[in-house]
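Data first, discussion second: the structure below is written as structure tokens.
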Amino acid sequence: MSGAGDPQNRLHWYGRRRGHKLRPGRQALVEDLLPRLRLAPPADSGIVDLGGAFAVPVRDVWLEVGFGAGEHLAAQAEAHPDVGIVGCEPFVNGVASLLSHVESRGLANVCIYDDDARRLFPSLPDAAIGRVFALFSDPWPKKRHHRRRFIADDTLDQLARIMKDGAELRVASDHGGYVAWALERITRHPAFAWLARSRRDWTEPPQDWVETRYERKARKQGATPVYLCFRRRSRT
Ligand SMILES: C[S@@+](CC[C@H](N)C(=O)[O-])C[C@H]1O[C@@H](n2cnc3c(N)ncnc32)[C@H](O)[C@@H]1O
């Protein structure tokens, strides 16, 4: 974890950490399974050993920021058993939901950082992550809250550092203001190239897409999600 006095420690979490009381089975998962899957950055501000973070050897490591109830993460982990997926989510009810997917599907390639992803970034190695998902991040619609948005210049600098050359950044949102905000910041960042060639590339999800809970809800309410895929440019 970043040390005291580090700017990452001054990050304030504005979202929810807890919802309704967990059912006993979910509470038991939080107490027994979470400690085994938790990604704990070294106390001395060191770098996490991602190779040793998973119960199985993995060929690549992906990161999902704000996995909500974890259906997308669990489905990706099941579809790619040779990829380790780090899920970041401070909302304990969401973490408990992911844990139940991990247990029922017997997933060995998942680990969890149950806090703000931005606090984890300084402890991740350079050029270590092959894909990042930031799906339906909180849009913080009020102007005075925009600085709470996940996509921000400093977060993109961190993502650019931890992502491998050629790695993919997937962002999705149904909030027009957030889409415009994210697109403006990511396309002006020198490390990222937007992959869209035609309208279909952002109106339709990528082929291996797994619908998220929030996305399903948004569609039911008549919203139109937008899918933005970027490539981390080569460093050379
Ligand atoms: C609107 S929900 C979407 C959840 C899920 N991605 C989906 O599409 O169903 C946004 C989630 O992102 C989480 N979140 C927001 N900012 C985060 C951050 N900096 N690090 C980790 N999780 C974050 C919130 O706790 C919340 O669960």
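Counting starts at 1 for both ligands and their atoms, following the listed order.
- The protein atom (non-hydrogen) at minimum distance from atom 20 (N) of ligand 1 is A117 N, 2.9 Å.
- Ring geometry for W209 versus H72: interplanar angle of 30 to 60°, hence tilted.
- Side chain of D114 to backbone of R38: no donor-acceptor contact under 3.5 angstrom is found.
- Protein heavy atom nearest atom 17 (C) of ligand 1, with residue, atom name and distance: W13 CZ3, 3.4 Å.
- Taking a cut-off of under 4.0 Å to the non-hydrogen atoms of G68, the atoms of ligand 1 that pass are 4 (C), 5 (C), 27 (O).
- Of all protein heavy atoms, the one closest to atom 15 (C) of ligand 1 is D138 OD2, 3.2 Å.
- Contact check on R170 versus D208 returns a salt bridge, with a Lys/Arg side-chain nitrogen under 4.0 Å from an Asp/Glu carboxylate oxygen.
- At a 3.5 angstrom cut-off on N or O pairs, F91 does not count as close to ligand 1.
- Remark: the backbone N or O of H20 is paired with a side-chain donor or acceptor of N93 at under 3.5 angstrom.
- Crowding of R147 atom CZ: a count of heavy atoms from other residues, nucleotides or ligands under 6.0 Å not exceeding 12.
- Of all atoms in ligand 1, numbered sequentially from 1 with element shown, those under 4.0 Å from a heavy atom of C88 are 21 (C), 22 (N).
- At the shortest separation from atom 19 (N) of ligand 1 among protein heavy atoms lies D116 OD1, 2.8 Å.
- The protein atom (non-hydrogen) at minimum distance from atom 5 (C) of ligand 1 is G66 O, 3.5 Å.
- Residue R105 places its CZ atom among more than 12 non-hydrogen atoms of other residues, nucleotides or ligands, all under 6.0 Å distant.
- Residue contacts with ligand 1: Y214 is placed with a nitrogen or oxygen under 3.5 Å of a nitrogen or oxygen of the ligand (distance criterion only).
- For ligand 1, the polar-atom distance check against L135 finds a nitrogen or oxygen pair separated by under 3.5 Å.
- The distance criterion of under 3.5 Å between nitrogen or oxygen atoms is not met by E215 with respect to ligand 1.
- For ligand 1, none of its N or O atoms has an N or O atom of F67 under 3.5 Å away.
- In this structure, the protein non-hydrogen atom closest to atom 2 (S) of ligand 1 is F136 O, 3.6 Å.
- Considering both main-chain and side-chain atoms, E64 never comes within under 3.5 Å of ligand 1 through any nitrogen or oxygen pair.
- Between the side chain of D49 and the backbone N or O of G51 there is at least one donor-acceptor pair closer than 3.5 Å.
- Look at G94 and you'll find every heavy atom at least 4.0 Å from all atoms of ligand 1.
- Nearest protein heavy-atom neighbour of atom 8 (O) of ligand 1: T212 OG1, 2.7 Å.
- Of the listed residues (R235, R161, K164), just one forms a side-chain hydrogen bond (donor to acceptor under 3.5 Å, both in side chains) with D126, and that residue is R161.
- Using a 4.0 Å cut-off between charged nitrogen and carboxylate oxygen, R188 and D153 count as a salt-bridge pair.
- Within the 4.5 Å cutoff, the side chain of R26 has heavy atoms near those of the S97 side chain.
- Nearest protein heavy-atom neighbour of atom 25 (O) of ligand 1: E89 OE2, 2.5 Å.
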Inset, instruction - Quick one: do H12 and D116 satisfy side chain to side chain donor-acceptor pair (under 3.5 Å)? Show the steps, please. - result: CA-CA 9 Å; H12 185 77; D116 185 332; over 6 Å; no
